[in-house]
Amino acid sequence: MTYWFSDPSHQQQVTASAEQSSHHFQIRAATSADLRGVAQIIAESFHSQNGFWGWAFPLLRLGIYEDLKHRLLSSSPHHICLVSVNTHANAAHQLVGTVEMGVRFSDPWTQVGRSFLYLSNLAVHPEYRRHGVASQLLTSCEQVSREWGFDNLYLHVLENNYQARQLYFKLGYKVQTVESNLNIFLFRQSRQILLHKHLQLDAII
């Protein structure tokens, strides 16, 4: 289980902003007021609204919302949800992206016997993709991990998600392991790839 960390005193440390293609983005820790927007972005990124499963989209979004709400109420100092906000005057501080990061413990993926930071739920609003939002969120995760004293980051990506893989490789992630199980052959599912990035703790942003 992962948790949110949204201590207001920490928000100034994880804030980053940039301007690309007339958009102004700010990265900050999520708050309870962001729950619905975050749930919508995650649902749109990982679940289709078309076809047979379109009718189930509201239920999936509600499930994501309740899950996020539970994690927010169970805050822990080494778990955080970051959001990217469009601060342009006409955007009214619209949420455009999100990512979660939390500590996991000894796991067969990493083959290490100590805790490590794992990234999940990286998602960007469809209208704001290819504007650098995902890169900013990932870079902010690196900043937070350094502040926490962790020098390794891990995440999963589907083998057939070529755009995401290209982004991660560009940012310095490397393949740790490639998942292989019967579901891949029986149900023709895409394999999951565990990626890893080692950080230099003395290179604090």
Side-chain angles (χ1 to χ4, degrees), residues 1-104 117-141 143-145 155-158 161 163-164 167:
M1 180 179 295
T2 56
Y3 301 90
W4 285 34
F5 178 83
S6 55
D7 183 350
S9 66
H10 192 77
Q11 287 190 19
Q12 293 300 317
Q13 299 179 37
V14 302
T15 298
S17 61
E19 178 180 355
Q20 293 189 16
S21 304
S22 76
H23 295 298
H24 301 257
F25 302 120
Q26 180 187 59
I27 309 298
R28 60 170 174 77
T31 68
S32 58
D34 300 318
L35 278 172
R36 295 190 183 279
V38 171
Q40 178 68 28
I41 291 173
I42 294 175
E44 288 181 350
S45 296
F46 297 107
H47 302 287
S48 174
Q49 300 183 60
N50 302 316
F52 178 77
W53 290 104
W55 65 271
F57 183 82
L59 296 176
L60 293 168
R61 181 178 55 198
L62 177 61
I64 294 170
Y65 171 84
E66 292 296 337
D67 193 31
L68 292 170
K69 182 179 179 181
H70 174 75
R71 294 201 293 273
L72 178 61
L73 294 175
S74 304
S75 60
S76 173
H78 285 155
H79 289 80
I80 192 168
C81 177
L82 298 178
V83 292
S84 177
V85 181
N86 187 354
T87 60
H88 192 278
N90 295 330
H93 291 259
Q94 176 188 8
L95 294 183
V96 300
T98 184
V99 66
E100 289 189 70
M101 180 171 66
V103 172
R104 293 193 178 186
L117 285 181
Y118 181 80
L119 305 184
S120 62
N121 288 336
L122 176 63
V124 178
H125 190 286
E127 294 182 7
Y128 291 91
R129 291 170 185 168
R130 298 190 178 183
H131 288 285
V133 175
S135 295
Q136 291 175 24
L137 286 166
L138 291 168
T139 299
S140 294
C141 284
Q143 177 183 345
V144 174
S145 66
L155 59 85
H156 274 103
V157 63
L158 290 176
N161 191 343
Q163 291 186 349
L167 170 64

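Worth knowing before you read on, the calculation uses all heavy atoms, side chains too, and leaves out hydrogens, waters and symmetry mates. For the single chain, residues carry numbers from 1 onward in sequence order.
Between G97 and I41, the shortest heavy-atom distance links the atoms N-CD1, 3.7 Å. Smallest separation of non-hydrogen atoms from H47 and F57: O-CE1, 3.8 Å. Listed here is the closest heavy atom pair of L167 and A134: CD2-CB, 3.6 Å.
Between the side chain of R61 and the main chain of A39, no donor-acceptor pair closer than 3.5 Å is present. Remark: side-chain polar atoms of H131 are not paired, donor with acceptor, to backbone N or O of V133 under 3.5 angstrom. Side-chain atoms of T98 come within 3.5 Å of backbone N or O of L82 as a donor-acceptor pair. The main-chain N or O of V96 is never found under 3.5 Å from a side-chain atom of S84 such that the two would form a donor-acceptor pair.
Contact of the R129 side chain with the S45 side chain is registered, since non-hydrogen atoms from C-beta on lie closer than 4.5 Å. F25 has its side chain within reach of N86: a pair of non-hydrogen atoms, C-beta onward, lies under 4.5 Å apart.
Taken from NE2 in H156 to OG in S120, the straight-line distance is 11.5 Å, to the nearest 0.5 Å. Note: Q26 CD to T87 OG1 = 6.5 Å, rounded to the nearest 0.5 Å. To the nearest 0.5 Å, atom CG of residue D34 and atom CG of residue L68 are 10.5 Å apart. Rounding to the nearest 0.5 angstrom, the gap separating the CD atom in E44 from the CD1 atom in I64 is 10.0 Å. Atom-to-atom distance recorded for L117:CG and H79:NE2 is 8.5 Å, nearest 0.5 angstrom. Annotation: the span from L137 atom CG to C81 atom SG amounts to 9.0 Å, rounded to 0.5 Å.
The side chain to side chain contact (heavy atoms under 4.5 Å, CB included) test applied to F46 returns I42, N121, A123, not counting sequence neighbours.
Counting non-hydrogen atoms of neighbouring residues, nucleotides and ligands closer than 6.0 angstrom, the CD atom of E66 exceeds 12 such neighbours.
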Could you check L155 against L122 for side chain to side chain contact (heavy atoms under 4.5 Å, CB included), going step by step and ending with a plain yes or no?
CA-CA 10 Å; L155 59 85; L122 176 63; over 6 Å; no
